[in-house]
Structure formats: structure tokens, C-alpha cells
Q: 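Before anything else, here's the structure in question.
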Amino acid sequence: MSTLVIAEHDNSGLKPATLNAVTAAQALGADIDILVAGAGCAAVGEEAAKIAGIGKVLVADNAVYEHQLAENVSLLIAEVAAGYDNVVAPATTNGKNIMPRVAALLDVAQVSDVIAVESADTFKRPIYAGNVIATVQSSDARKVITVRTTAFDAAAAEGGSASVEAVSAVHDAGLSSFVGEEVAVSDRPELTAAPVVISGGRGMQNGDNFKLLEGIADKLGAAIGASRAAVDAGFVPNDMQVGQTGKIVAPDLYIAVGISGAIQHLAGMKDSKVIVAINKDEDAPIFQVADYGLVADLFDALPQLESAL
Amino acid sequence: MKVLVAVKRVVDYNVKVRAKGDGSDVDLNNVKMAINPFCEIAVEEAVRLKEAGVATEVIAVSVGEKPCQEQIRTALALGADRGIHVETEGRIEPLVIAKLLKGVVEKEQPQLVILGKQSIDGDNNQTGQMLGALTNMPQGTFASEIKVEGDKLNVVREVDGGLQTISLTLPAIVTTDLRLNEPRYASLPNIMKAKKKQLDVFSPADLGVEITQPHYPVAGRAAGRAPGGDQG
């Protein structure tokens, strides 16, 4: 039995999501190798080799893999996967984009967004916005899995000494090309990895009022999130959305401000260790899941909170 | 340019779904069904392409049991020109749906296929990408903006940390994210007109696809959170 973990990286460094995927892969009980596909990504390969418990790191370093175009990378993964029983990737936008393509090329089903590995072929995953947890048994000879990173601890990033091997296969499907990207520049931690998250909802009333969260976020070292209602209303960009169809977070502390607590939002944050809700509507459903609730007008409460910190 | 849009019948997003007592599946008796919200965005985008003179015909396709024709009619009421129903029984998985859609793609030869990025029942987020692999078409997933430029399609994608723009050769596949558009409401006259639009029904055998056994959820349980972080 052997498992291939697909590394999440930006060509210069490994993303923490990879470490969560490695922990999920360990639960499958097989030897683990890591595939790094990118361009100029040798440093990522060396970083991956230090992860504890990895057999070898395969590095496919070629311009065609630079921007993780699904058409090219899926062909590479499908080829490399021929020597493995399981292929595991974190359920990031990148993993979600590429892995179903890999599964279809291998003619197997994919098990998405796994939150627990019960055995080598049985997995738990949320369905219906997390209202129900399904236990899925896969009968496929080769398992293609994406894992919810918040459900698995990070594997030790140091302590391993895996060998690094180059993969020479070059797959250019010739179907797609990279044009550009706009990466939100922020000094704050990444939403899905932050120990503290403060999110605003429709109650924030407009995008400018999100500044009220910024001061608090700076003091707490928190990331800023939003409910779908706030995104739909155009207050903030979509990549801040926490919920069923946005980001899944599980910080130590989650502060929900002006968020009613629709089930779709809860699906994205209910695994947080401590939840604090501030809402002027005492009947808001968010209070049913909150550990601490404050019934107050957020425009009064937020400045007070910031000055008290 | 012909545009194919896939729509799925799902439990309405306002319904709080529960597992059956025996944990064998979810309880869907007498619950309100609707078109999957991301599929609605897909239909809207296709109709806008037609209104802009880019698309010549919009075909709505759904895979599922007979009642999913209601959701095809919804798509027709929103402006799709005709419908295709691939009639199947029971629960089927994304790979099988993708194989059936491949059959429809081969029949219709669309230049663009638009799907929702995920359905709010299974939350799989797989079908569009799988269809891309099976048809060897490029994919623009989680799209927040699409633009046809000559024989290329530019797609702005919602990715972790920001936006990415890619260029795809046509024919191509797009899966929709929330900000792509805001779907319209169907007007009563259009709902009436939709009843008369053409709707063809195919079986998997017509499309040369064999339905494989799904991976059954062997148990389901309600998930919740009580204050204090208790799960259960």
C-alpha cells in the first residue's frame, strides 16, 4: 500500500495545507510519498523532504506546471498515480480544481472534503452544508481523496529526511494558459490558518464599516472573514467568505459580528473552539452555537472592544 | 455559439436536512426541492451570453429522476431555448453524471458548457472538472467573470487569496461561483412559455453509458454544535 500526497505550494515555499493532508494520509496506514509539481520549485521539494515520515519527494519542475493549470497538472498526477493506491490532496481551491480531473482520468470516484479517515477505504465527509455527516466506503481500487485541512492536525514539518527525485514527465495539454492574478495583499494571517478569525455579516451595513473589525483584528492577530450575505451585498470580496460554499475555518477563537447564523455560515465555522457572537437581535440563530453572546449594537460594541484590548 | 448548461434538482437551501433514524440516508420526504443555486447562476450566465449575441442557443440539461424536469422547466423559464433530460434512477455519483453529460456533449457539440461549482446537497464540487477530463476540454472553475474573445475564453477565477485569470481554448467548461452574476426571477409569461419548449428525454443507454454502483454512505448522522464545542 502506498499513498501519494499532492503538495500545495507557491513555487517558493510549501503551504501549511500540505501538512494537514499528510496527517490524513498517515491515517490510511500506507507509505507516503509527496509530489511537488511546479516551476522553479526545488526549494519546495527540499522543504517537503523534511516532513516527518515521508518516503520520497517527487519533484516535477517544468514551466508547464508553474501556475497549477488543471489541464496540465492532472495529466501529470494521473501518470504518477499509476504507482500508488491512494492520491490525497488538501481541499483548497487548487485541490478542488485539479483532483476531480485526476479521478476522471483514472476512472474512479473522488471522495471530497474528508473530515475523518475510518479505515483505508472508509471516510467521513459532510454533506448538506454539514447538516449530515456521511460515511462513505469506496470500492475503487485507487482512491482519490481531498481532505478538509481544518479536520486534521498539521504533520511535523521537521525531522524527516526523505530522498528527492526528479520527475521528467512534461504534460502540456495546450488547452489553457495563465493570464494574470490579483492576490489580496494582507499582513494578516490567512483565513483558513488563522488562530483567531473575526467575521462581519449583513449587520455591518457596508464595506467601509469592516474597518471597525480591522483594528480588533490587528490587536488579536486575527484574520477577517465575512458571511455570504456580506459578500453578496458587495461589502467585501468573495475570498473572505466563510461558509458551505466559501472557506472552512476552525480557529481557536471565532468572533461573529452582525451575522445571523444561517446554516450555510455555520457549516464553515462551527468547528471553531470558542465562538463569540455580537448581534443586536437576541433571537439570531448564531447565539445557539455561540459560547459567548453579546446582544448589542455592533457600532457601540466594536469600538468598546477595541479600546478594551 | 451553442451553450450547454447543466442544472441539478436539490433540496431547497432553506430546508434543514436531517439524517433518517436508521442512518441509512438523509430524509427527503416532503421537502421542498429547487434548482441548485449555482446552477441557477449558470443558466443566468448562458442567457446573458445569448442576450449579448455571443450565444446562439442555450440548452439546459439535467440528469436524474423524472421530477428533475421541473428544474429543466425553470431553466427554460429563465431563458434557455430547449431542454434535455437524462433519466436515471436512484442516487448517482459525479463521475457517472459526468459520463452522461459527456454523451450529451458529443450529441450537441456545444462550444461552452456551464455548470455550478458544487451542488448544495452532496457538496462534491467534482462534475465540471470530471467532464473536462472526459471530453479533454479546458476548465475555468469557480468563475466570477467570463469573456469570449475570438476562439478563446477568458475566465476570472475565485482562488484562495484572490483572483486568477486564465485563457482557455474553446470548446471549454466553466463552473460558476457566487459573484458571476445575480440570477433574474422568471416572469409568469415566461413560465407559461417554458411549458411549450422542447424537452427531449434520453436514457443512459441512449448515451452509451453504463451506470455503476455508487459508494453508499453506510451511515449518516446529524451534525451539530452546542456551546462548549460539543459535536453531536
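Keep in mind it's a predicted model, so treat the numbers as computed, not measured.
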Q: Check each atom of A:Ser74 against the heavy atoms of chain B and say whether the ones under 4.5 Å are side chain, backbone, both or neither.
A: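 It is neither, since no heavy atom gets under 4.5 Å.
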
Q: Which region of A:Ala173, side chain (C-beta onward) or backbone (N, CA, C, O), has a non-hydrogen atom less than 4.5 Å from a non-hydrogen atom of chain B, or is it both or neither?
A: neither

Q: For A:Thr146, is it the side chain, the backbone, both, or neither that has a heavy atom closer than 4.5 Å to a heavy atom of chain B?
A: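 Looking at A:Thr146, nothing touches chain B.
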
Q: Do the side-chain N and O atoms of A:Gln110 and B:Asn124 include a donor-acceptor pair separated by under 3.5 angstrom?
A: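 No.
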
Q: Given the options B:Ile120, B:Thr165, B:Leu170, which has more heavy-atom pairs under 4.5 Å with chain A than any of the others?
A: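 The candidate making the most pairs under 4.5 Å is B:Thr165.
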
Q: Using every non-hydrogen atom in the two residues, find where B:Asp123 and A:Gln244 come nearest and quote the distance to one decimal.
A: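 Result for this residue pair: OD1-NE2, 2.9 Å.
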
Q: Do A:Glu71 and B:Asn136 pair up side chain to side chain, a donor and an acceptor below 3.5 Å, judged on atom types alone?
A: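 Per modelled atom types, A:Glu71 and B:Asn136 side chains form no pair under 3.5 Å.
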
Q: Please classify the contact of A:Leu75 with chain B as side chain, backbone, both or neither, using a heavy-atom distance under 4.5 Å.
A: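 Neither part.
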
Q: Is B:Glu182 atom CD crowded by more than 12 heavy atoms from other residues, nucleotides or ligands, each under 6.0 Å away?
A: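 Counting neighbours around CD of B:Glu182, 12 or fewer heavy atoms of other residues, nucleotides or ligands fall under 6.0 Å, so no.
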
Q: When you look at B:Asp160 and A:Asn94, which way does the side chain to side chain contact (heavy atoms under 4.5 Å, CB included) test go after all the steps?
A: CA-CA 8 Å; B:Asp160 290 337; A:Asn94 196 42; 6.0 Å; no

Q: For the CD atom on B:Glu89, are there more than 12 heavy atoms of other groups (residues, nucleotides or ligands in this structure) within a distance under 6.0 Å?
A: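 12 or below, so no.
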
Q: Assess whether atom CZ of A:Arg202 is packed by more than 12 heavy atoms of other residues, nucleotides or ligands within 6.0 Å.
A: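 No.
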
Q: Among A:Lys247, A:Glu182, A:Glu181, which has the most heavy-atom pairs under 4.5 Å with chain B?
A: A:Glu182

Q: Counting heavy-atom pairs under 4.5 Å to chain B, which of A:Asn238, A:Val183, A:Asp239 comes out on top?
A: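 Between A:Asn238, A:Val183, A:Asp239, the count favours A:Asn238.
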
Q: With respect to chain A, which residue among B:Ile166, B:Asn14, B:Val17 yields the maximal number of heavy-atom pairs within a distance under 4.5 Å?
A: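 The candidate making the most pairs under 4.5 Å is B:Val17.
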
Q: Quick check on side-chain contact (heavy atoms from CB on, under 4.5 Å): which of B:Asn125, B:Thr141, B:Val159 does A:Thr93 satisfy it with?
A: B:Val159

Q: Grab the two heavy atoms, one from A:Pro100 and one from B:Gln129, that are nearest each other, plus how far apart they are.
A: CB-CB, 3.5 Å

